[in-house]
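Input: a single structure, listed below in structure tokens.
On a predicted model such as this, the values are computed, not experimentally measured, just so you know.
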Amino acid sequence: MILFAVSLICAIIIFGMSILHFCLLIGLPIGEYVLGGKDKIIPKQKRFVNAIFMIIFILLGDFYLIQGKIIPININQIFAKIVMFAVCLFLGYAIIGNTSFTQSKKEKFLMIPLSTLAFVTAILTLIYSW
């Protein structure tokens with residue numbers, strides 16, 4: 001039951017990040033919340049990064065739904081552990097980056113708590129799926 005809950009919370013946060021990058025991809029003026037917050041509207045030549053993040057986050061959200069047995073698909077557990085460990089490293093880096101390097105107050109306000117919650121739920125998913 002705990003695995004179900006933490007993986008669902010993690011998936012919801014990650015899907016939320018995917019929606020955020022979709023909004024940036026179509027040109028909404030919310031660029032201050034991501035990638036250093038330098039551009040209010042992401043320039044068209046940089047939007048491919050948002051497309052890549054959006055696709056990655058969709059796949060990761062699906063992955064966490066699978067890990068929580070919300071989507072009943074069996075995957076190789078060694079592969080799953082590697083993916084979850086990599087996601088934890090990425091989220092840890094996101095927390096450090098958003099805390100230390102970004103100048104955007106909006107990014108710090110939104111992404112530090114989201115990344116922290118996603119990190120905690122990703123770690124718990126990893127632990128409870130062992």
Side-chain angles (χ1 to χ4, degrees):
M1 190 66 177
I2 293 174
L3 177 60
F4 178 90
V6 294
S7 65
L8 180 61
I9 293 167
C10 190
I12 289 169
I13 294 168
I14 290 173
F15 283 134
M17 290 179 185
S18 178
I19 292 168
L20 175 65
H21 281 282
F22 174 75
C23 292
L24 292 163
L25 181 65
I26 63 172
L28 293 182
I30 53 175
E32 295 166 303
Y33 292 97
V34 297
L35 304 171
K38 293 178 182 165
D39 300 307
K40 187 170 186 163
I41 297 175
I42 304 296
K44 288 183 181 179
Q45 65 271 20
K46 292 184 182 180
R47 291 185 192 171
F48 73 92
V49 173
N50 300 112
I52 292 168
F53 274 124
M54 181 187 75
I55 291 166
I56 290 170
F57 287 140
I58 288 170
L59 294 173
L60 287 175
D62 289 338
F63 172 82
Y64 277 95
L65 292 177
I66 292 168
Q67 280 305 111
K69 309 284 190 255
I70 299 162
I71 297 176
I73 297 174
N74 290 324
I75 58 174
N76 181 300
Q77 285 304 299
I78 294 172
F79 171 74
K81 304 286 189 275
I82 292 169
V83 170
M84 286 188 285
F85 186 74
V87 170
C88 290
L89 288 176
F90 169 77
L91 290 169
Y93 172 75
I95 294 166
I96 293 168
N98 288 327
T99 303
S100 304
F101 302 119
T102 187
Q103 300 298 313
S104 171
K105 290 181 182 180
K106 290 181 180 181
E107 184 175 11
K108 287 183 180 190
F109 176 77
L110 178 67
M111 296 312 289
I112 291 172
L114 279 180
S115 297
T116 303
L117 183 57
F119 178 76
V120 169
T121 56
I123 289 278
L124 290 173
T125 302
L126 178 59
I127 291 168
Y128 283 106
S129 67
W130 213 263

[Y] side chain reached by [X] side chain, heavy atoms, under 4.5 Å:
{"X": "L60", "Y": "V83", "value": "yes"}
{"X": "M54", "Y": "I58", "value": "yes"}
{"X": "I75", "Y": "F63", "value": "yes"}
{"X": "F53", "Y": "L24", "value": "no"}

Donor-acceptor under 3.5 Å ([X] side chain, [Y] main chain):
{"X": "S7", "Y": "T125", "answer": "no"}
{"X": "D39", "Y": "I41", "answer": "no"}
{"X": "T121", "Y": "A118", "answer": "yes"}
{"X": "K81", "Y": "S129", "answer": "yes"}

In Å, rounded to the nearest 0.5 Å, how long is the span from [atom1] of [X] to [atom2] of [Y]?
{"X": "F48", "Y": "N50", "atom1": "CZ", "atom2": "CG", "answer": "9.5 Å"}
{"X": "K38", "Y": "Q103", "atom1": "NZ", "atom2": "CD", "answer": "8.5 Å"}
{"X": "F15", "Y": "L20", "atom1": "CZ", "atom2": "CG", "answer": "15.0 Å"}
{"X": "F90", "Y": "I95", "atom1": "CZ", "atom2": "CD1", "answer": "10.5 Å"}
{"X": "Y33", "Y": "C23", "atom1": "OH", "atom2": "SG", "answer": "12.0 Å"}
{"X": "I82", "Y": "Q77", "atom1": "CD1", "atom2": "CD", "answer": "11.5 Å"}

F119/V87 under side chain to side chain contact (heavy atoms under 4.5 Å, CB included): CA gap, chis, key distance, verdict:
CA-CA 8 Å; F119 178 76; V87 170; over 6 Å; no
Linking I/L/V/M/F/W/Y whenever any side-chain heavy atoms sit under 4.5 Å apart, do [X] and [Y] land together?
{"X": "L28", "Y": "I42", "result": "yes"}
{"X": "V34", "Y": "Y93", "result": "no"}
{"X": "I127", "Y": "I66", "result": "yes"}
{"X": "Y128", "Y": "I13", "result": "no"}
{"X": "I73", "Y": "F79", "result": "yes"}

Does a sphere of radius 6.0 Å around CD1 in I26 hold more than 12 heavy atoms from other residues, nucleotides or ligands, not counting ones at 6.0 Å or beyond?
yes
Atom of G61, atom of A11 and distance for their closest heavy-atom approach:
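Closest approach of G61 to A11: O-CB, 3.5 Å.
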Could you report the tightest heavy-atom contact between G36 and S104, atom names first, then the distance?
O-CB, 3.8 Å
Looking only at side-chain N and O atoms, does T102 offer a donor or acceptor that is under 3.5 Å from a partner on E107?
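Yes, T102 and E107 have a side-chain donor paired with an acceptor closer than 3.5 Å.
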Going by salt bridge (charged side-chain N to carboxylate O under 4.0 Å, His left out), name the pairs with one or both residues in residues 62-78, residues two or more places apart or in two chains.
none
